Amino acid sequence: MRYYDFRSDTVTQPTDHMRAMMAKAIVGDDVYEDDPTVKQLESQSAKLLGKEAALFVPSGTFGNQLAILTHTKRGDEVILGQDCHIVMHEVGAAAVISGVQLRQVQTNNGSMSVLEIEKMIRESDIHYPDTGLICVENAHSCGAVVSVKHMHKIYELAQKHGVPVHLDGARIFNAAKALDVAPTEIAACADSIMFCLSKGLCAPVGSMLVGSKDFISKARKMRKLMGGGLRQVGFLAAAGIVALEDMIEHLPVDHEHAKYLAEKLSEIDKIEVLDHRLDINMVFVKFSRELDDRFISELHEKGIKINGPENGEYRFVTHYWIDKEAIDLLVKAIKNYI
Ligand SMILES: Cc1ncc(COP(=O)(O)O)c(C=O)c1O
């Protein structure tokens, strides 16, 4: 049975072009820095974000945690949003891998207040940890984007205090399309950026960590320490190159599809679409009454996969393999269930 999968954009399958390029990729041992396809992907990634260097990593979580490990020392404090991916969905890795403490700022649609961040930056005091890093997420996994102006204010503050900024840009290209800016403008507000090849861009595996030459050369060694030094990984990098060259331009279609889905759902009684954070390819909704597990299984029987609710909200994600027909099917199935 063919399923339409709205659970996430991480479910995307590689395109035919990716599969063809993977099959004929020229590879080498990337720990020896001998893989030309990985080198090409790294240099294209750095250029795309206007930074000096980049490093292929196995996943977005790996890239974020590698950035934290490279920027900080044990006992440092990291300032970040209370609902960001690093806090909510990375298994507490920052405490385990880097031995850092996470200082969480309240967010509003994924944005942290500059004033709140400033209050949390530590002065020099024998009792205090050092503020080692500020992390920002854009696009935010709540579905909203953060403006470049706001990111710039955070970066200015961080620079004033000599604190580096890491951007969890898993969906930086979605953010750039939604904000109608070049990805370099967003990247210019951070010292390091992680972005994912494997979500809306459809590559099967991999993320990139991008930054200065010095930062990336330190991160390369830390990647080895974390067990992420891969050998003939050019096969995956080949798909990553196609992701950058072909797939970024498709993202606005996913955003339009999300808006189309939101519009259709908002016509249904008993559904509230959270359209104040409908910037990218994610639609969040609340139902006026709690739905039981039959909701998900009934949709499944109709060839539709969705996740269960988180904090009372259901999330539907559009991506390359979701077309209008799939959206109409989902809307019809929800209407029927209700
Ligand atoms: C904002 C954000 N950051 C990081 C990640 C982690 O990526 P991965 O699943 O490749 O570890 C995700 C994954 O969904 C994400 O949404």
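Computed from heavy atoms alone, side chains included, the values below leave out hydrogens, waters and symmetry copies. Whatever order the structure lists them in is the order used to number ligands and atoms, beginning at 1. Because the structure is a prediction, the values reported are computed rather than measured.
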Suppose we screen for side chain to side chain donor-acceptor pair (under 3.5 Å). Which residues come up paired with Lys160, at least two apart in sequence or across chains? Glu118
The side chain to side chain donor-acceptor pair (under 3.5 Å) partners of Asp9 (sequence neighbours excluded) come to Arg171, Asn281
When you look for protein heavy atoms under 4.0 Å from ligand 1, which residues do they belong to? Ser59, Gly60, Thr61, Asn64, His85, Glu90, Glu137, Asp168, Ala170, Arg171, Met194, Lys199
Electrostatic pair Glu310-Arg315, nearest N-O below 4.0 angstrom: no
So, do Val317 and Arg7 sit near enough that their side-chain heavy atoms are less than 4.5 Å apart? no
By salt bridge (Lys or Arg N to Asp or Glu O under 4.0 Å), which residues pair with Asp279, not counting sequence neighbours? none
Does Lys324 make a cation-pi contact with Tyr260 (under 6.0 Å, within 45 degrees of the axis)? yes
